[in-house]
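The structure appears right after this line, and notes come after that.
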Amino acid sequence: TLYARVIYLREDHLREKLVAEIIPIALESGWPHQSGVISCESRLYDLINLAIDEERSDKARCRACNGVGRIGAHVCEKCKGAGLRRPTLVSRARGLNITPQAFKKYWLRDYETIILPIVTYLAMDLATAKAKIG
């Protein structure tokens, strides 16, 4: 419900709590870290916030699967299961105040393999719950 409240109801006062719950999942999923302590200024924090911003944008939702990442039992071909239209490197880099080249070189792989799947899972979990409710 926290995900739904931040993404759909725009309850920004809960955003920090959502980010705090995603950080340990990202660390368990293979986010590179040394000390195990992630500060608020870290790139992980910034990338999670970028993913939340992308998810909240109505323009970012995949039109083929309606942002769910699946069409029936199959992974959406258009968005490859992310539920999001792929934003450009420029727009992502702009959101982090870095160059597109730096984003692509240092952050794109971890963002797409660690952060986006977590957010996609939360979106799919919400969609499943909505389907069960009716």
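Keep in mind the model is a prediction, meaning the values are calculated, not measured. Position 1 is the first residue of the sequence, and the numbers go up from there.
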| Between CD of Glu11 and CG of Leu18, what distance do you get to the nearest 0.5 Å? | 11.5 Å
| Does a side-chain heavy-atom distance below 4.5 Å link Arg15 with Asn49? | yes
| message | Quick check: do Ile118 and Trp31 have side-chain heavy atoms less than 4.5 Å from each other? | response | no
| query | Does CD in Glu21 sit with more than 12 non-hydrogen atoms of other residues, nucleotides or ligands closer than 6.0 Å? | reply | yes
| For the atom pair CD1 (Ile22) and CG (Leu27), what is the distance rounded to the nearest 0.5 Å? | 12.0 Å
| remark: Rounded to the nearest 0.5 Å, the CG atom of Leu116 sits from the CG atom of Leu47 at a distance of 9.0 Å
| field | Under the side chain to side chain contact (heavy atoms under 4.5 Å, CB included) test, residues paired with Tyr106 that sit two or more places apart | value | Ala102
| Can you list the steps and then say if Arg56 with Asp12 is a side chain to side chain contact (heavy atoms under 4.5 Å, CB included)? | CA-CA 11 Å; Arg56 287 175 71 166; Asp12 288 324; 2.5 Å; yes
| message | With salt bridge (Lys or Arg N to Asp or Glu O under 4.0 Å) as the rule and sequence neighbours excluded, what pairs involving residues 114-128 come up? | response | none
| Arg70 side, atom CZ; Cys79 side, atom SG - distance, nearest 0.5 Å | 10.5 Å
| message | Could you report the tightest heavy-atom contact between Ala51 and Val119, atom names first, then the distance? | response | CB-CG2, 3.8 Å
| Can you tell me how far OG1 of Thr99 sits from NZ of Lys104, rounded to the nearest 0.5 angstrom? | 11.5 Å
| Does Val19 belong to the same Ile/Leu/Val/Met/Phe/Trp/Tyr cluster as Ile25, with side-chain heavy atoms less than 4.5 Å apart forming each link? | yes
| Would you say His13 has more than 12 foreign heavy atoms packed within less than 6.0 Å of its NE2? | yes
| message | Between Lys17 and Arg5, is the side chain to side chain contact (heavy atoms under 4.5 Å, CB included) condition met? List the steps. | response | CA-CA 11 Å; Lys17 187 174 180 181; Arg5 291 176 68 183; over 6 Å; no
| request: Please work out whether the ring planes of Tyr111 and Phe103 are parallel, tilted or perpendicular, with thresholds of 30° and 60°. | output: perpendicular
| task | Would you give the length of the straight line joining atom SG of Cys65 to atom NE2 of His74, rounded to the nearest 0.5 angstrom? | result | 13.5 Å
| remark: The side chain to side chain contact (heavy atoms under 4.5 Å, CB included) partners of Pro24 (sequence neighbours excluded) come to none
| query | Is Tyr8 reachable from Val6 through a run of hydrophobic residues whose side-chain heavy atoms are each under 4.5 Å from the next? | reply | yes
| said: Closer than 4.0 angstrom, basic N to acidic O: yes or no for Asp46 and Arg43? | reply: yes
| said: Could you see if Leu2 belongs to whatever hydrophobic cluster contains Ile48? Use Ile, Leu, Val, Met, Phe, Trp, Tyr and a side-chain cutoff under 4.5 Å. | reply: yes
| Shared hydrophobic cluster, Val68 / Ile7 (ILVMFWY, side-chain heavy atoms < 4.5 Å) | no
| Under a 4.5 Å side-chain heavy-atom rule over Ile, Leu, Val, Met, Phe, Trp and Tyr, are Met124 and Ile114 clustered together? | no
| Hey, does the side chain of Arg92 reach the backbone of Leu50 with a donor-acceptor pair shorter than 3.5 angstrom? | no
| Shortest non-hydrogen contact from Ala64 toward Ile71 | O-CD1, 3.7 Å
| remark: Taking every heavy atom of Pro117 against every heavy atom of Glu112, the minimum-distance pair comes out as CD-O, 3.3 Å
